[in-house]
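In this chain, residues are counted from 1 in sequence order. Counting starts at 1 for both ligands and their atoms, in listed order.
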Amino acid sequence: MARKRITLALAKGRIFNDTLTLLEKSGISIKKIDKKSRELIFKLDELTILSCKPSDVPKYVELGAADCGIVGSDCIAESQCDIYEPLSLNFGHCKMIVAIKKNQKFEFKAGKEVKIATKYPNIASEYFKKKKMIPEIIYLNGSVELAPLIGLSDVIVDITETGETIRKNNLKIIDTVMSIAAKFIVNKRSYRTLSNEIQSLSGSIKK
Ligand code: PRP
């Protein structure tokens with residue numbers, strides 16, 4: 001029986017190059033993917049690739065716009081989407097942390113209000129609620145490290161990879177929320193209806 005073409009949503013940005021390297025190593029020809037192009041859909045021999053904003057990848061997969069995707073576990077956790085996560089990948093390693101100004105103190109005290117600047121409101125709220133604190137989220141789209149420096153927030157919840165941004169901005173890490181890595185995710189319906197195609201893809205990615 002002929003194989004059906006499946007759609008794979010990829011996260012642009014931080015993990016994009018490593019994702020393409022992984023596909024290439026898995027025997028998928030990525031020649032048609034022009035990294036500099038503004039095109040968002042690439043039709044490869046066996047796959048259709050969607051080039052997406054990382055935080056949108058879980059949503060595309062949950063809604064079935066893509067059968068599967070490759071994205072960081074930070075975006076998966078934040079999205080709260082209903083998807084399968086059958087494979088952790090060996091790249092995109094970083095961590096989600098809580099940080100404050102270097103010269104400040106912070107007490108995790110039940111019942112205390114805390115202003116949090118973050119791109120990850122769900123993860124941050126959940127984390128501080130578990131500490132029985134009262135989170136006030138200041139949602140920012142980027143350069144989150146600025147917020148405590150100018151008095152906009154008490155803390156940040158953000159990802160760090162090399163630690164360079166934290167160091168350069170006189171912040172310090174006071175806790176780790178979670179470890180992060182790239183994951184292969186699958187739409188629940190596609191997992192059943194395209195099981196051969198998806199198993200073949202995940203099998204070649206896993207090798
Ligand atoms: C991420 C993150 C930190 C930075 C950490 O931002 O939000 O700002 O990288 O990386 P480091 O530990 O290696 O310094 P990104 O580069 O995605 O840009 P943004 O701040 O505009 O979101």
Should one rank Asp74, Thr165, Asn141 by closest heavy-atom distance to atom 4 (C) of ligand 1, which comes out on top?
-> Thr165
Hydrophobic cluster identity match, Val71 and Ile205, side-chain contacts under 4.5 Å = no
Looking at ligand 1, does any of its N/O atoms fall within less than 3.5 Å of an N/O of Ile159?
-> no
Going by distance alone, is a donor N or O of one side chain under 3.5 Å from an acceptor N or O of the other, for Asn187 and Ser190?
-> yes
Atoms in ligand 1 flagged as close to Thr160, the criterion being non-hydrogen separation under 4.0 Å | 12 (O)
Got a sec: does the CG of Asn90 have more than 12 other heavy atoms crowding it under 6.0 Å?
-> no
Near Ser143, which atoms of ligand 1 are under 4.0 Å from a heavy atom of that residue?
-> 19 (P), 20 (O), 21 (O)
Tell me which protein heavy atom sits closest to atom 8 (O) of ligand 1, plus the residue, atom name and distance to 0.1 Å.
-> Glu145 OE2, 2.7 Å
What atoms of ligand 1 come closer than 4.0 angstrom to any heavy atom of Asp158?
-> 2 (C), 3 (C), 7 (O), 8 (O)
Cationic N near anionic O, under 4.0 Å, Glu126 to Lys129 | no
Specify whether Phe128 and Phe108 have parallel, tilted or perpendicular ring planes, treating 30° as the upper limit for parallel and 60° as the lower limit for perpendicular.
-> parallel
For Glu164, counting its heavy atoms only, list the atoms of ligand 1 lying under 4.0 Å from any of them.
-> 12 (O), 14 (O)
What's the shortest heavy-atom distance between Gly72 and Ile15, and which atoms?
-> N-CD1, 3.9 Å
Are Val157 and Ile180 co-members of a hydrophobic cluster defined by side-chain heavy atoms under 4.5 Å apart?
-> yes
Min over Lys95, Arg14, Arg167 of heavy-atom distance to atom 17 (O) of ligand 1 lands on Arg14
For atom 13 (O) of ligand 1, find the nearest protein heavy atom and state the residue, atom name and distance (0.1 Å precision).
-> Thr162 OG1, 2.6 Å
Ranked by distance from atom 22 (O) of ligand 1, the top protein heavy atom is Lys119 NZ, 2.4 Å
